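In what follows, a structure is listed as structure tokens, so that the remarks can point back to it.
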Amino acid sequence: MSSEILDQMSAIVGGKNVITDADAMVPYLKEWRDLFRGKAQAIVRPGSTEEVVALVKLAAATGTTLVPQGGNTGLVGGQIPVAEGREIILSLQRMDKIRAVDPDSDTMTVEAGLTLQKAQEAAEAAGRLFPLSLASEGSCTIGGNLSTNAGGTAVLAYGNARELCMGLEVVLADGRVWNGLRQLRKDNTGYDLKNLFIGAEGTLGIITAAVLKLFPLPAARATAFLAVPSPDEALALLNAAKAGAGGTLTTFEILSRTGLDFVLRHASGARDPLSESSPWYVLMEVCAQSATGLDEAVEAFLGEALEKGLVTDAALAGSLNQRNDFWKLREMLSEVQTYEGGSIKHDVSVPLHAVPAFIARASEAVLAMVPGCRPVPFGHMGDGNIHFNVSQPVGADKQAFIGRWSEVNQAVHAIVSEMHGSISAEHGIGRLKRDLLPGVKDPVELALMKTLKATLDPQGILNPGAVV
């Protein structure tokens with residue numbers, strides 16, 4: 001890339017917002033699990049939609065490729081440029097304004113670089129709830145959440161990012177701006193274009209702003225940490241809780257004893273909420289709009305579940321601190337696996353009825369392939385999304401274990417496909433799973449995806465190497 005192009009980019013965003021120093025670029029060029037490391041010509045940090053437009057027009061005129069990046073918390077490498085190093089990373093973190101909050105319409109219009117946590121806080125300040133919740137919410141951004149169609153822990157009640165977005169502002173690959181920032185609950189005037197860009201990982205256009213859907217703040221919340229005998233009882237408990245827990249079931253997370261032991265071993269301050277060990281646990285949360293009666297209703301529900309053998313022990317949070325302690329056990333699950341050596345990851349979903357069978361079959365399959373490995377299934381059982389991770393055998397060689405990633409993936413994904421599930425429930429495709437698509441997508445569907453890419457980005461300048 002010529003220095004002239006970088007000079008023109010500096011003229012658009014200001015010299016201090018074009019980063020070329022190798023050390024300063026490092027945080028943008030690797031993701032936190034260190035599975036992906038990339039190279040780039042520069043990091044460019046626009047501060048407005050107008051600057052994004054100017055940069056994209058320059059890129060289109062010069063054939064410069066751009067990789068949009070939010071908080072760099074993605075787990076499939078979609079935000080990391082390929083190793084050739086020809087790309088420019090377009091970091092949207094400076095675009096973090098809250099343009100409007102409208103409690104009457106239950107909407108909030110924000111820029112793409114706003115962190116999820118700040119969006120949650122702005123909604124709460126207006127007496128509303130923005131329910132998207134992820135472990136990385138302090139650093140992930142709204143643009144990244146939408147570009148990957150993020151899920152999280154409240155999908156059961158509120159849906160994933162797609163369901164929480166009412167409108168978008170998008171800069172197209174030729175520099176045109178689609179202004180779809182609508183606050184309308186009903187708008188049936190033709191194609192719903194926003195859903196082309198949500199989940200597209202920056203390959204079809206660059207999301208610069210969004211209208212988010214807000215909800216009333218819950219007046220009461222009950223959080224329980226439960227011991228269950230197996231995923232079968234967890235599924236039965238889920239079905240019972242949907243109808244009889246005394247409020248809206250917002251969270252239903254499952255984790256194994258292996259995963260809990262990892263957290264207790266490595267997370268500072270973590271402690272077991274229950275006195276006896278159990279092979280499986282559920283973190284369940286119920287919300288209500290009435291300020292009274294929820295705890296009593298949940299206690300009665302859990303009492304019945306104990307009598308039926310669906311639950312063997314239970315702890316109901318009696319304070320905010322105790323609730324946070326329960327959530328810490330779930331939120332630290334991904335991080336602590338690092339301390340146990342190599343971990344082969346799967347982000348999959350299957351129909352709800354198939355979750356127990358999937359966990360059993362996938363565990364059996366990986367143990368047969370790698371004797372002594374430690375399956376760590378956990379995650380959003382309420383919506384069928386299981387993070388089926390596999391930690392290396394104790395004392396094994398990490399690199400040798402990681403070297404079997406593709407082999408283990410194939411075995412697990414084969415079970416997922418047989419159960420009519422998805423090999424990417426919420427993390428996206430990125431670079432990690434791109435080559436897997438021909439084996440799991442309907443050929444017509446895959447052809448349509450490629451046609452969309454060629455139509456909206458004919459020069460291939462937006463996030464080359466990702467998704468399709």
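Note that this is a predicted model, so its numbers are computed, not measured.
Interatomic distance, CG of Leu156 versus CG of Leu238, reported as 6.5 Å (0.5 Å rounding). Rounded to the nearest 0.5 Å, atoms CG (Asp104) and CG (Leu214) are 11.5 Å apart. Here CG of Leu226 is found 8.0 Å from CG of Leu274. Values are rounded to the nearest 0.5 Å. In this structure, Leu306 CG and Leu302 CG are separated by 6.5 Å, a value rounded to the nearest 0.5 Å. In this structure, Gln117 CD and Phe130 CZ are separated by 13.5 Å, a value rounded to the nearest 0.5 Å. In this structure, the separation between CD1 on Ile206 and OG1 on Thr208 is 8.5 Å, given to the nearest 0.5 Å.
Formation of a donor-acceptor pair under 3.5 Å by the Thr250 side chain with backbone atoms of Glu285 is found in this model. A donor-acceptor distance shorter than 3.5 angstrom exists from the side chain of Asn385 to the backbone of Val348, with no hydrogens or angles considered. Remark: side-chain polar atoms of Glu426 are paired, donor with acceptor, to backbone N or O of Gly152 under 3.5 angstrom. The closest donor-acceptor contact from the side chain of Ser363 to the backbone of Ala360 lies at 3.5 Å or more, if one exists at all. With hydrogens and angles disregarded, no donor-acceptor distance shorter than 3.5 Å links the side chain of Asp313 to the backbone of Ala227. Arg99 places no side-chain N or O within 3.5 Å of a backbone atom of Val110 that could act as its donor or acceptor partner. Side chain of Asn149 to main chain of Asn160: no donor-acceptor pair is present (N/O by atom type, distance under 3.5 Å, no hydrogens or angles). Between the Gln322 side chain and the Gly318 main chain, a donor and an acceptor come within less than 3.5 Å of each other. Here the side chain of Ser136 pairs no donor or acceptor atom with the backbone of Ser139 at under 3.5 angstrom. At least one donor-acceptor pair closer than 3.5 Å links the side chain of Thr251 to the backbone N or O of Thr153.
Sorted by first and then second residue, the ring pair (Phe, Tyr, Trp, His ring centres under 6.0 Å) pairs involving residues 242-296 (not counting sequence neighbours) are Phe225-Tyr281, His266-Tyr339. For residues 391-416, every residue pair satisfying the ring pair (Phe, Tyr, Trp, His ring centres under 6.0 Å) rule, not counting sequence neighbours, is listed here: His346-His413. The list of salt bridge (charged side-chain N to carboxylate O under 4.0 Å, His left out) pairs with a residue in residues 122-145, not counting sequence neighbours, reads Asp106-Arg128. Applying the salt bridge (charged side-chain N to carboxylate O under 4.0 Å, His left out) test to residues at least two apart or on different chains, the pairs with a partner in residues 190-204 are Asp192-Lys194. Among pairs with a residue in residues 347-367, those fulfilling ring pair (Phe, Tyr, Trp, His ring centres under 6.0 Å) read Phe358-Phe388, at least two apart in sequence or across chains. Applying the ring pair (Phe, Tyr, Trp, His ring centres under 6.0 Å) test to residues at least two apart or on different chains, the pairs with a partner in residues 424-450 are His387-His427.
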### Task
Assess whether side chain to side chain donor-acceptor pair (under 3.5 Å) is satisfied between Ser391 and Glu340, documenting all intermediate values.
CA-CA 7 Å; Ser391 284; Glu340 294 289 329; over 6 Å; no
### Message
side chain to side chain donor-acceptor pair (under 3.5 Å), that's the test. Do Asp187 and Thr189 meet it? Break it down for me.
### Response
CA-CA 6 Å; Asp187 180 6; Thr189 52; 2.7 Å; yes
### Message
Go through it in stages, so that I can follow the logic: the residues are Asn463 and Arg431, the test is side chain to side chain donor-acceptor pair (under 3.5 Å), and I'd like the CA-CA distance, side-chain angles, deciding distance and then a yes or no.
### Response
CA-CA 10 Å; Asn463 210 1; Arg431 290 170 174 77; 3.1 Å; yes
### Message
What verdict does the side chain to side chain donor-acceptor pair (under 3.5 Å) test give for Gln337 and Asn389, after you've listed the backbone C-alpha separation in whole Å, the side-chain angles of each residue and the deciding distance to 0.1 Å?
### Response
CA-CA 9 Å; Gln337 291 173 59; Asn389 295 349; 3.1 Å; yes
### Message
Run the side chain to side chain contact (heavy atoms under 4.5 Å, CB included) test on Lys398 and Gln392 for me, step by step, so that the C-alpha distance in whole Å, both residues' side-chain angles and the decisive distance to 0.1 Å come before the verdict.
### Response
CA-CA 7 Å; Lys398 178 178 178 179; Gln392 69 176 57; 3.5 Å; yes
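At least one side-chain heavy atom of Leu168 sits less than 4.5 Å from a side-chain heavy atom of Leu146. Contact of the Leu116 side chain with the Leu132 side chain is registered, since non-hydrogen atoms from C-beta on lie closer than 4.5 Å. Contact check for Val67 versus Leu90: no side-chain heavy atoms found under the 4.5 Å cut-off. You'll find the side chain of Pro231 reaches within 4.5 Å of the side chain of Ile254, heavy atoms only. Under the 4.5 Å side-chain criterion, counting only non-hydrogen atoms from C-beta, Ser424 is not in contact with Val76. Residues Leu237 and Val228 have side chains in contact (heavy-atom distance under 4.5 Å, counting atoms from C-beta outward). You'll find the side chain of Ile344 reaches within 4.5 Å of the side chain of Asn409, heavy atoms only. Counting heavy atoms from C-beta outward, Pro229 and Thr312 have side chains that approach closer than 4.5 Å.
The salt bridge (Lys or Arg N to Asp or Glu O under 4.0 Å) check on Asp261 picks up Arg257, with sequence neighbours excluded. Legend: residues meeting salt bridge (Lys or Arg N to Asp or Glu O under 4.0 Å) with Glu233, ordered by chain and number and at least two apart, are absent. Residues meeting the salt bridge (Lys or Arg N to Asp or Glu O under 4.0 Å) test with Glu296, sequence neighbours left out: none. Applying the ring-ring contact (aromatic ring centres under 6.0 Å, His included) test to Tyr158 and every residue at least two apart in sequence or in another chain returns Phe215. For Thr258, the side-chain hydrogen bond (donor to acceptor under 3.5 Å, both in side chains) criterion is met by no residue, not counting sequence neighbours. Asp295 is linked by a salt bridge (Lys or Arg N to Asp or Glu O under 4.0 Å) to nothing, counting only residues two or more places apart in sequence or in another chain.
Using a 4.0 Å cut-off between charged nitrogen and carboxylate oxygen, Glu407 and Arg404 count as a salt-bridge pair. Classification of Glu31 and Arg37 as a salt-bridged pair fails, no side-chain N sitting under 4.0 Å from a carboxylate O.
Within a 6.0 Å sphere centred on NZ of Lys242, other residues, nucleotides and ligands contribute more than 12 heavy atoms. Around CD of Glu364, the count of heavy atoms belonging to other residues, nucleotides or ligands within 6.0 Å does not exceed 12. Remark: Lys30 NZ is loosely packed, at most 12 non-hydrogen atoms of other residues, nucleotides or ligands lying under 6.0 Å away.
Shortest non-hydrogen contact noted between Ala267 and Met332 is CB-CE, 4.0 Å. Pairing each heavy atom of Cys140 with each of Leu134, the nearest pair is SG-CD1, 3.9 Å. Taking every heavy atom of both residues into account, Ser343 and Ile402 meet most closely at N-CD1, 3.7 Å. The two residues Leu249 and Ala241 make their nearest non-hydrogen contact at CD2-CB, 3.9 Å. When all heavy atoms of Leu196 and Leu204 are compared, the closest pair comes out as O-CD1, 3.4 Å. Across Ile80 and Gln69, no two heavy atoms sit closer than the pair CD1-NE2, 4.4 Å.
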